[in-house]
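Numbers for residues simply follow the sequence, beginning at 1. Just so you know, these numbers use all the heavy atoms, side chains as well, and skip hydrogens, waters and symmetry mates. What you see is a predicted model, and the numbers here were worked out from it, not measured in a lab.
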Amino acid sequence: MFDRLKKQHIVAEDGFNRWKVPPASIAIHLCIGSVYAWSIFNPPLTKEMGVVAASSSDWALQSVVWIFSVAIVFLGLAAAFGGKWLEEVGPRMVGVTAAFLWGGGFLIGGLGIVTHQLWLLYFGYGVLGGCGLGLGYVSPVSTLIRWFPDRRGMATGLAIMGFGGGAMVATPINEWLLGLYYHAPQYLGAETAVKLVTEGGRRMAEVNGHMVEVVTATAKQLASAPVAMQPGVYVAGTGNTGAAMTFFTLGIAYFIVMMIAAFSYRVPREGWKPAGWTPPTADAAAKRMITSRHVDIDQALKTPQFYLLWIVLCFNVTAGIGVLSVAKTMMTEIFGTTLPLVVDSAFAATYVFMISVFNMVGRFFWASISDYIGRKNTYFVFFVLGIALYLSVPYAATQVGAHPAVMWLVLFYGATMIIFTMYGGGFSTIPAYLADIFGTKYVGGIHGRLLTAWSAAGVLGPLAITQLRESSIAGSIKALAAKVDPVAFQQKFGAGMDQLNQLVASKTVTIARLMEIAPAGTTDPTPGVYNTTMYAMAGLLLVGLIANALVRPVSEKHYMDSSETGEAAKPVRGVAGSASKA
């Protein structure tokens, strides 16, 4: 049965309509692209026990964000190893395997939420799901490049566009499922009506003769809940965020869609060309740095071009992926306190949705543009414009903190949306860039290995943004605590200033809670917690800009000869000839 999935059994007959292949590619990428909506799960997973607010036993945001990072790491690793396998067995078998891994990863992750075992979430969604991501990602790319040799950029843009649009589809579905399965915890009453004590940094109250942990939720916190609730004290561990059932539902749905799509894959016969199309002349190809020859997968790793393009992709991705992993949280923290009437939970969720829209549009737009201006010039635009836009974000955050106005939200929103078109465009342009440099014969395998850059970025981006954010928050809390009246602090938290570190570790003391008792006129430091990160991301783009400038055609010694490729010998002109001089 599995042998029937191999590529020799799915070769299309002459006259096959090549436009039947992109829908299957887009369908699989829409499913696995839901990984970009991960930030939707951050709030429920960080208060899975407290439900309305984080309890002491809830997972920290930093721990939850790393699940996304692990998934991206294994995406790159699976693509690196699976790329060569793809060239051997074809896209259908790889697509079926991806369906089992991605769907099964959600089911195991849901079990981890139910049992409150974080390692199961890492293993299910992160490891298994990440492998499904990698195999599902590479399965259509080389196939579409072969079906569309006349428009490589557009072809890869079509395939990878679905990945960028995955969050656009998943965001409203995830929000709806979380609301459907949500269950409010037990309510004890208003904070002033319940006798609270602090033990080991935790807030406790007596229920039926037993001391239990409780959480206190404000009206602002409850405004994002899918059901109406009163501000006050709730018993930890008595409600349900709906995250587990959402995982189970998505796992089954994604498996079904991906299986149908995988069985729709077809590959062209050897030597097939679109009717009426002739390859570009050697001189035209040389100007665009497009080769008509091929470099073997293993030989590509011996070229400087592979590592320069690895840096180009890694740093372009690192700059965007960290923001993606905390998109909803970042929008809420920067503008939720300064413009609360505009930026609420629904606005933040819409922001995640719009990121997906621009990410998806950018993948098709920039990849198609690269067919006309060239891949190298396209990346120059990404880096130069990206640096300017990343530097504008801290400016907007600082200004809105000092002078709250919608114009700063508009600046931030517009800058980040353009950033995400280029983030997505980088992914969709890189396969065509590789085909130009290394040829099309092994581009699927080479692309898979280059995606280890995505793995590295999946660690660097979220690590940078969470570590720098935590450092900024810690400094802000200490600065605010120094301004607060010790008596008011004691009354608010049931403990003295000497227990500040313990109270912060148990999530009892936060910037928002301190601002409630801070002296009048105190500026909320929350909008500026991401400023340092944005400066660091701009610096990474500068490095990527330099690496892209150094990319040259591959040296003659790395190309395969006609006996290795099975093609008739061709005169060496244009790119191949000039490459030997580089």
Item to check | side chain to side chain contact (heavy atoms under 4.5 Å, CB included) between Ile28 and Tyr137, intermediate numbers included | outcome: CA-CA 8 Å; Ile28 284 186; Tyr137 191 89; over 6 Å; no
Next on the checklist: Can you confirm whether Phe306 sits close enough to Thr303 that some side-chain heavy atom of one is under 4.5 Å from a side-chain heavy atom of the other?
Outcome noted: yes
Next on the checklist: Less than 4.5 Å apart, side chain to side chain, heavy atoms only: is that true for Val65 and Asn42?
Outcome noted: yes
Checklist outcome for this item: What one should report as the nearest heavy-atom pair of Gly112 and Leu120 is CA-CB, 3.5 Å
Checklist entry - How far apart are the C-alpha atoms of Glu175 and Ile40, what are their side-chain angles, what is the distance that settles it, and do they pass the side chain to side chain contact (heavy atoms under 4.5 Å, CB included) test? => result CA-CA 7 Å; Glu175 291 279 6; Ile40 294 294; 3.3 Å; yes
Item to check | Min side-chain heavy-atom separation Thr143-Tyr265 under 4.5 Å | outcome: no
Checklist entry - Is it true that Asp298 and Lys84 make a salt bridge, defined as a side-chain N closer than 4.0 Å to a carboxylate O? => result yes
Checklist entry - Between Phe163 and His29, how do the two ring planes meet: parallel, tilted or perpendicular, split at 30° and 60°? => result perpendicular
Item to check | Close aromatic pair by centroid cut-off 6.0 Å: Trp147 and Phe16 | outcome: yes
Next on the checklist: With a sphere of 6.0 Å drawn around OH of Tyr413, does it hold more than 12 non-hydrogen atoms of other residues, nucleotides or ligands?
Outcome noted: yes
Next on the checklist: For a quick test of reading the model, state the closest non-hydrogen atom pair linking His558 to Gln299 and the distance between them.
Outcome noted: ND1-NE2, 2.9 Å
Next on the checklist: Quick one, Tyr122 with Trp66, criterion ring-ring contact (aromatic ring centres under 6.0 Å, His included). Give me CA distance, side-chain angles, the key distance, then yes/no.
Outcome noted: CA-CA 8 Å; Tyr122 273 89; Trp66 271 103; 8.3 Å; no
Item to check | Arg449 side chain reached by Leu301 side chain, heavy atoms, under 4.5 Å | outcome: yes
Checklist entry - Rounded to the nearest 0.5 Å, what separation is found between the CD1 atom of Ile355 and the OG1 atom of Thr421? => result 12.0 Å
Checklist entry - Less than 4.5 Å apart, any side-chain heavy atom of Val551 and any of Tyr433? => result yes
Item to check | Separation between CZ of Phe438 and CG of Asp436, rounded to the nearest 0.5 Å | outcome: 11.0 Å
Item to check | For the student: nearest non-hydrogen atoms of Val138 and Gly448, plus distance | outcome: CG1-CA, 4.1 Å
Item to check | Worked verdict on Arg375 versus Ser370 for side chain to side chain donor-acceptor pair (under 3.5 Å) | outcome: CA-CA 5 Å; Arg375 326 301 173 192; Ser370 75; 2.8 Å; yes
Checklist entry - Would Thr249 and Tyr181 satisfy side chain to side chain donor-acceptor pair (under 3.5 Å), going step by step from the backbone distance to the final call? => result CA-CA 11 Å; Thr249 304; Tyr181 298 127; 3.0 Å; yes
Next on the checklist: I'd like to know if Glu556 pairs up with Arg293 as an ion pair, taking the criterion as any Lys NZ or Arg NE/NH1/NH2 lying under 4.0 Å from an Asp or Glu carboxylate oxygen.
Outcome noted: yes
Next on the checklist: If the threshold is 4.0 Å, N to carboxylate O, is there a salt bridge linking Arg269 and Asp14?
Outcome noted: yes
Checklist entry - What's the spacing between Leu107 CG and Ile252 CD1 if we round to 0.5 Å? => result 6.0 Å
Checklist outcome for this item: Here the gap from Thr97 atom OG1 to Arg92 atom CZ, rounded to the nearest 0.5 Å, amounts to 13.0 Å
Checklist entry - In terms of ring plane angle, is the pair Trp102 and Tyr125 parallel, tilted or perpendicular, where the classes change at 30° and 60°? => result tilted
Next on the checklist: Distance check, rounded to the nearest 0.5 Å: Asn359 atom CG versus Phe427 atom CZ?
Outcome noted: 8.0 Å
Checklist entry - Would you call Trp38 and Leu45 a side-chain contact if the rule is heavy atoms closer than 4.5 Å? => result yes
Checklist entry - Rounded to the nearest 0.5 Å, how far does CD1 of Ile437 lie from CG of Leu308? => result 10.0 Å
Next on the checklist: Ignoring hydrogens, what is the shortest heavy-atom contact between Phe255 and Gly103? Give both atom names and the distance.
Outcome noted: CB-CA, 4.5 Å
Checklist entry - Are the aromatic ring centres of Phe74 and Phe81 under 6.0 angstrom apart? => result no
Checklist entry - Do Lys20 and Ser264 have side-chain heavy atoms sitting under 4.5 Å apart? => result no
Next on the checklist: Tell me whether Asp371 contacts the main-chain N or O of Met154 through its side chain, where contact means a donor paired with an acceptor under 3.5 Å.
Outcome noted: yes
Checklist entry - Is any side-chain heavy atom of Ser428 less than 4.5 Å from a side-chain heavy atom of Phe364? => result no
Next on the checklist: Would you say the rings of Phe247 and Phe41 are close, in the sense that their centroids are separated by under 6.0 Å?
Outcome noted: yes
Item to check | Which atom of Leu434 lies closest to which atom of Leu450, heavy atoms considered | outcome: CD1-CD2, 3.8 Å
Next on the checklist: Please evaluate residues Leu313 and Leu451 with respect to the criterion side chain to side chain contact (heavy atoms under 4.5 Å, CB included), reporting the C-alpha separation (whole Å), side-chain torsions for both, the decisive distance (0.1 Å), and the verdict.
Outcome noted: CA-CA 8 Å; Leu313 180 63; Leu451 288 181; 4.2 Å; yes
